[in-house]
Amino acid sequence: MKTKLIVVVSIMALVLCGAAMMACAQGPGPEGMGGHHGMGGPGHGMGFMARELNLTDAQKEQVKAIMKANHASMKPVMQQLEQNRQALLAATANGAYDAAKIQLLANQQAQLQAAMTVQHEALQHQIYAQVLTADQQAKAEQLRTQEINRITEHLQKMANGTDVPPPPTQ
């Protein structure tokens with residue numbers, strides 16, 4: 001059961017991270033929470049989840065409602081992340097390099113990303129527990145296992161030095 005939850009949370013983290021970021025960026029209007037630019041368009045997180053887990057229209061609406069309900073708590077962190085990124089770009093403009101200032105901004109960014117990760121995990125757990133059927137949870141576990149295996153293979157290649165890209169040709 002613990003592995004099943006880890007699989008679902010990891011896949012949904014990837015899927016919903018992009019969808020939540022798009023939703024936050026678009027605002028709480030109809031486009032922001034489920035229109036073409038938010039979650040419903042081809043290639044977006046919601047589309048992937050809907051296809052892979054075969055969500056019904058009712059389930060898609062439940063996910064949208066959960067995301068909309070969590071929008072207010074996620075928006076301030078997203079804004080802080082963007083402000084921090086802006087400060088980092090300003091701090092390094094024209095080739096400037098102040099290691100102490102960059103370290104401070106990097107630490108702040110890490111804390112903000114951790115806060116966003118916690119919020120995303122809570123959101124994903126809510127969707128897992130309230131929306132997905134047992135069969136969809138099993139499919140999510142299968143997808144998560146595949147992703148874990150892909151990451152494990154990649155880490156092994158990195159450790160063996162076989163994952164180094166060839167030098168660019170001229």
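Residue numbers count from 1 along this sequence.
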NE2 of His154 to CZ of Arg150: how many Å apart, nearest 0.5 Å?
7.5 Å
Hey, any chance Ile148 and Ile151 share a hydrophobic cluster, counting ILVMFWY side chains that come within less than 4.5 Å of each other, even indirectly?
no
Below 4.5 Å, heavy atoms only, C-beta onward: do Leu81 and Gln109 meet side chain to side chain?
yes
Can you tell me how far CG of Leu88 sits from CD of Gln83, rounded to the nearest 0.5 angstrom?
14.0 Å
What are the two closest non-hydrogen atoms of Ala96 and Ala91, and how far apart are they?
CB-O, 3.4 Å
Can a side-chain donor-acceptor contact be found between Gln103 and Asn107 if the only test is distance below 3.5 angstrom?
yes
Side chains of Leu55 and Leu132: closer than 4.5 Å at any heavy-atom pair?
yes
Sub-4.5 Å side-chain heavy-atom contact between Thr133 and Leu53
no
Hey, what do you get for NZ (Lys157) to CG (Leu155), rounding to the nearest 0.5 Å?
11.5 Å
Minimum heavy-atom separation for Val131 to Ile66, with atom names?
CG2-CD1, 3.7 Å
In Å, rounded to the nearest 0.5 Å, how long is the span from CE of Met116 to CD of Gln111?
14.5 Å
Looking at Asn84 and Gln80, would you say the former's side chain and the latter's main chain have a donor-acceptor pair under 3.5 Å?
no
Looking only at side chains, do Gln136 and Gln59 share a donor and an acceptor under 3.5 Å apart?
yes
salt_bridge(Glu61, Lys64) N-O dist < 4.0 Å
yes
Counting C-beta onward and ignoring hydrogens, is there a side-chain heavy-atom pair between Gln119 and Val77 closer than 4.5 Å?
yes
Are Met74 and His120 packed together at the side-chain level, in the sense that at least one heavy-atom pair is separated by less than 4.5 angstrom?
yes
Does any non-hydrogen side-chain atom of Gln126 lie less than 4.5 Å from one of Asn70?
yes
Pairwise side-chain contact, Tyr97 with Thr92, heavy-atom cut-off 4.5 Å (strictly under):
no
Taking every non-hydrogen atom, the tightest pair across Ser73 and Pro76:
O-CD, 3.6 Å
Mind checking the CG-CD spacing from Leu112 to Glu82? Nearest 0.5 Å is all I need.
11.0 Å
